[in-house]
Amino acid sequence: MNEFNNMEFMAKTTLYTGSGSLKFLKDAIAKYGWEGNILFVTDKGIEGAGILRKVIDSLPGIQEKSKTFNDVKPNPSVTATNAIYEKHKDDGIQNIIAVGGGSVIDTAKALAVLFTNGGSIDDYFGFDLYSNEPLPVFAVATTVGTGSEGGHATVITVDNSDLKTKQLVFGEALFPKAAILDGELLLGMPGSLVSSTGMDALTHAIEGYVSRNGSIVTDALNLHAVRVIGEAILEASSDTTNISAMNRMIQASTTTGIGMSNGGLGLVHGISHAIGAQYDAPHGIVNAILLPYVLEYNWIANPKKFADIAQALRVNTWGMSVEDAAKAGVKRVKELTNEVGIPAKLSEIGVSEDSIEILTDIAFNDELYMGANPRRATRKDIKDILTKAIGSNRSNEQLSSDKEKVAVGSAN
Ligand SMILES: [Fe+2]
């Protein structure tokens, strides 16, 4: 039970929320000084959408003392991160402004470590392994899923070894100094990006809420995020000019990002990081596909919490047993995944059954997620989840029926 865990809770990022909150970035940076140059880190899509320009325009006089790296790719790798560092290490950079989603913000954090410590980013996989304080990072969030803007981890794909995995650099100093959560900046973004990143946020919230490493504090953040995302994701993904829905989504994703930073995540992320590293697949979509299968496996470990999730998702659980309410919550998550247009199976995004063994090995050995997952998974459990998630071509009704059988069958 979470109330007995001895946990440290850290939330060190100043958040600026609501429409127009970009205007606060200037003062947020001023608190840390404007000495030296600033590096903007972003990607081509964000630059093309005019969001980088809006950020630069909000910072009068910044142009002369700024450099820009505008080509961050999804699933940033050791090689890519080191190359950006080599390109800009002699530019006198003293502050980093990330304008983007998870890949951009994680890249910015990794660069913050490299600029003051040198070396290669894989030297710092683990907790607080750097000697010098990383540069300050300021995050302007442009998706509704990563949570990295409020957290102290950066996820990097290991591409310089025989086995491709995702590893994390953690550090108390890696909390961005400030994060801008401005729904106005998101208006008109592709609905599919709201779906995929929003489902990543829902995954954080649910995995965080049922994590073995949570606390009452992280429960509060995660469960409320389930509620807000459940209410807003369909509105936001179907109409990305809905400013209310976009503001709710971006704030909820950061809310659970803080929860995730402190209470951890589970098997969805363990498996999805393995898939992301092996296939360079989009993180949010992989999570969204895996989520119902993992929840189906997990709910029996803590039916009460899964019943809470059902209620947060506005499932009418009146008169249901706790177990039935938990299963109804899992079913609702599956429906929501379909409603926002996420593919039903991993094979649709190119994941092959041939890789089940390697994916199982990577996920099974990732104690960060295995240890936090509410149910202790065996290799066979992970293999079964992957087999279903890759190969299922069944209707929702069949899937729901199969889910019940699997859940009951694996209760002991
Ligand atoms: Fe995630």
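Everything quoted here is computed from the prediction, not taken from an experiment. In this chain, residues are counted from 1 in sequence order. Ligands are counted one by one from 1 in listed order, and the atoms in each one are counted from 1 as well.
With no hydrogens or angles considered, a side-chain donor-acceptor pair links H269 and N287 at under 3.5 Å. Side-chain contact check for N373 and N298: at least one donor-acceptor pair (N or O, by modelled atom type) lies under 3.5 Å. For the residue pair T317 / Q311, a side-chain donor-acceptor distance below 3.5 Å is found, with atom types taken as modelled.
Relative ring orientation between Y32 and F138 is described as perpendicular, the plane-to-plane angle rising above 60° on a 0-90° scale split at 30° and 60°.
Closest N/O/S atom of H283 to the Fe ion (ligand 1): NE2. Atom OD1 is the N/O/S atom of D200 found closest to the Fe ion (ligand 1).
Draw a line from the Fe ion (ligand 1) to NE2 of H204 and another to NE2 of H269, and the angle between them is 90° (to 10°).
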